[in-house]
Amino acid sequence: MSAPVHDEGRPGPRQERAGRRGHAPWSEQRRGEGCIEVPGGWQDPQPFLRGVAWLDKGRPVRADPADTMRLPWDTGERATLPIGVRLEFTTETATAVEIRYRATVPGPTDALRDLAHGFALWDRHGVVTEVFTEPAAEAVVRIGLGAGDGDGPFRGPFTIHPPENQSPLVLGLRGIGGALTPAPPAPRWVVHGDSITEGWWSTRPAHGWPAVAGRALGWDTVNLGYAGAARGELATAEQLAGLPADVLTLAFGTNCWSRVPFSAPLLYETTRAFLELVRQGHPRTPLLLVSPVLRPDAERTPNKLGATLGALRDAMERAARDRIAAGDDRLAVLPGRDLLGPEHLADGLHPNDSGHQVLGLAVATALRRTGFGTG
């Protein structure tokens, strides 16, 4: 039985770690290794995918599949979601693109059972259209490419953001009225953080602050944000050390106040150790550390170990600045405290769309000012 077709909706230096052999990062895997079989008439999606860290049997994942046993359970769970993974392409004459995909369908008692699968098409000016489909285990969605912008009709480059929370697996894509070409490669920016980096509470995948900053910089953003986690886990630092990256950003610390309480001295030493392990794989890669953004309930409230978020933030910044003073001239710090105001928070912790926009542009500006955002 053929999959249903849904038409448009409303607009709108790398290293192998000693003692084990992990999966190669996505960009190092040989073409065809672990690739999805695509039937005739469809193009292999892998050359079009961006934001991919690793592949596990053809499926994008956000932690090394060979190293999950060292990660906390919550990190491993969030790493299965393809947050930030997207399709990017250009075309000379196509008027639409079709995507064949598989996705999770919630059960009848799931609170999200009626949530449509949303696909957002962007060009360099902003969102072109959004297409919403009924939840289905496998389907084909058609997305119109608009009417051009004066540089030649339908040329692009275009970006499609799939419904990442439904764990979509793209099986193939094809142009309607013309061929599709993968977008040119861009500098690879690997971003690690917590739920704020993952994108909570932005209303669309394209609205999270790493996506905002990546668009502003013209970079390939790889989102390694793990909601509820990102507490300076050293196994994660080693995985980051093994990933290809042109630029790195670290933006964790909020969950070190409450979810797993840290003292300020502990977070200072954890940050120093985390940076040291990342630097073993990326000794000269530009690296920006963003300390925790505003969290009103935590700023002056001690946690179970007596640390306020303000004290934890100071410890992280001091750890990074001590390393800079010791000679790491490819490391910079962006203090997070004053980047957002209370009006930018959806729930007192996570930014709303406006907050993500402000935060993303602040990070992009900081990367440019340090010289990391040029070239």
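A search for side-chain contact (heavy atoms from CB on, under 4.5 Å) contacts involving P351 returns I196, L340, H356, not counting sequence neighbours. When the side-chain contact (heavy atoms from CB on, under 4.5 Å) test is applied to A216, the partners found at least two apart in sequence or on another chain are L361, A364, R368. For the side-chain contact (heavy atoms from CB on, under 4.5 Å) test, residues two or more places apart in sequence or in another chain that qualify with D328 are R279, R323, R330, L331. Under the ring pair (Phe, Tyr, Trp, His ring centres under 6.0 Å) criterion, W257 pairs with no residue, sequence neighbours left out. Among residues two or more places apart in sequence or in another chain, the side-chain contact (heavy atoms from CB on, under 4.5 Å) test is passed with T370 by A332, F372. Every residue was checked against the ring pair (Phe, Tyr, Trp, His ring centres under 6.0 Å) condition with F262, not counting sequence neighbours, and none meets it.
Within the hydrophobic cluster formed by Ile, Leu, Val, Met, Phe, Trp and Tyr side chains joined at under 4.5 Å, directly or through other members, L81 is accompanied by I83. By the 4.5 Å side-chain criterion applied to Ile, Leu, Val, Met, Phe, Trp and Tyr, I176 is assigned to no cluster and stands alone.
By the 4.5 Å heavy-atom criterion applied to side chains, Q46 and L55 are counted as neighbours. Contact check for L288 versus L248: no side-chain heavy atoms found under the 4.5 Å cut-off. Between R62 and Y226, some side-chain heavy-atom pair lies under the 4.5 Å cut-off. In this structure, V97 and I143 have side chains that are in contact, with non-hydrogen atoms separated by less than 4.5 Å. You'll find the side chain of L243 reaches within 4.5 Å of the side chain of W54, heavy atoms only. The shortest distance between side-chain heavy atoms of V358 and L339 does not fall below 4.5 Å. Residues L287 and L250 form a side-chain contact, since some pair of their non-hydrogen atoms from C-beta on lies under 4.5 Å apart. In this structure, P72 and R231 have side chains that are in contact, with non-hydrogen atoms separated by less than 4.5 Å.
One hydrophobic cluster holds both W219 and L359 under the rule that ILVMFWY side chains link at heavy-atom gaps under 4.5 Å. Side-chain heavy atoms closer than 4.5 Å link hydrophobic residues (I, L, V, M, F, W, Y) into clusters, and following such links, possibly through other members, connects L180 to I99. Taken together through direct or relayed side-chain contacts under 4.5 Å among Ile, Leu, Val, Met, Phe, Trp and Tyr, L224 and W200 form parts of separate hydrophobic clusters. At a threshold of 4.5 Å between side-chain heavy atoms, the hydrophobic network of Ile, Leu, Val, Met, Phe, Trp and Tyr places V222 and L277 in one connected group. Both V260 and L309 are members of a single hydrophobic cluster when ILVMFWY side chains are connected at heavy-atom separations under 4.5 Å.
The one candidate from M316, E317, R318 that meets the side chain to side chain contact (heavy atoms under 4.5 Å, CB included) condition with Y268 is R318. The residue from H117, E138, Q166 that alone fulfils the side chain to side chain donor-acceptor pair (under 3.5 Å) condition with Y101 is H117.
Here the CD1-CG distance, from I324 to D322, works out to 9.0 Å after rounding to the nearest 0.5 Å. In this structure, the separation between OG on S263 and CG on N303 is 8.5 Å, given to the nearest 0.5 Å. Rounding to the nearest 0.5 Å gives a distance of 12.0 Å between CZ of F119 and CD of E130. The OG1 atom of T236 lies 5.0 Å from the NE2 atom of H192; values are rounded to the nearest 0.5 Å. S258 contributes atom OG, which lies 10.0 Å from atom CG of L312 (distance to the nearest 0.5 angstrom). Taken from CG in L234 to CG in L71, the straight-line distance is 11.5 Å, to the nearest 0.5 Å.
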> Taking it one step at a time, do R59 and D56 satisfy salt bridge (charged side-chain N to carboxylate O under 4.0 Å, His left out)?
Replying inline: CA-CA 5 Å; R59 181 180 291 277; D56 185 12; over 6 Å; no
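Side-chain contact, N223 with E198: no donor N or O sits under 3.5 Å from an acceptor N or O. Using a 3.5 Å distance cut-off with no hydrogens or angles, the side chains of H350 and S195 do pair a donor with an acceptor.
Pairs of residues two or more places apart, or lying in two chains, never qualify as ring pair (Phe, Tyr, Trp, His ring centres under 6.0 Å) while including a residue from residues 293-317. Listed by first and then second residue, the ring pair (Phe, Tyr, Trp, His ring centres under 6.0 Å) pairs that reach into residues 57-99 are F89-F158, sequence neighbours excluded. Annotation: salt bridge (Lys or Arg N to Asp or Glu O under 4.0 Å) contacts involving residues 331-357, sequence neighbours excluded, comprise E299-R337. Judged as a salt bridge (Lys or Arg N to Asp or Glu O under 4.0 Å), the pairs with a partner in residues 249-265 (not counting sequence neighbours) are, in order, D74-R259.
In this structure, P244 and R188 approach most closely via the heavy-atom pair O-NE, 2.7 Å. Closest approach of F48 to T181, counting heavy atoms only: CE2-C, 3.6 Å. Closest approach of P168 and P163 over heavy atoms only: CD-O, 3.1 Å. Closest heavy-atom contact between N352 and G355: OD1-N, 2.7 Å. A211 approaches A206 most closely through the heavy-atom pair CB-O, 3.6 Å. In terms of heavy atoms, L289 sits closest to A320 at CD1-CB, 4.4 Å.
Relative ring orientation between F274 and F252 is described as tilted, the plane-to-plane angle lying within the 30° to 60° band.
Between E88 and R86 there is a salt bridge, since at least one side-chain N of the basic residue sits less than 4.0 Å from a carboxylate O of the acidic one. For the pair E276 and R272, the salt-bridge criterion is not met [side-chain N within less than 4.0 Å of a carboxylate O].
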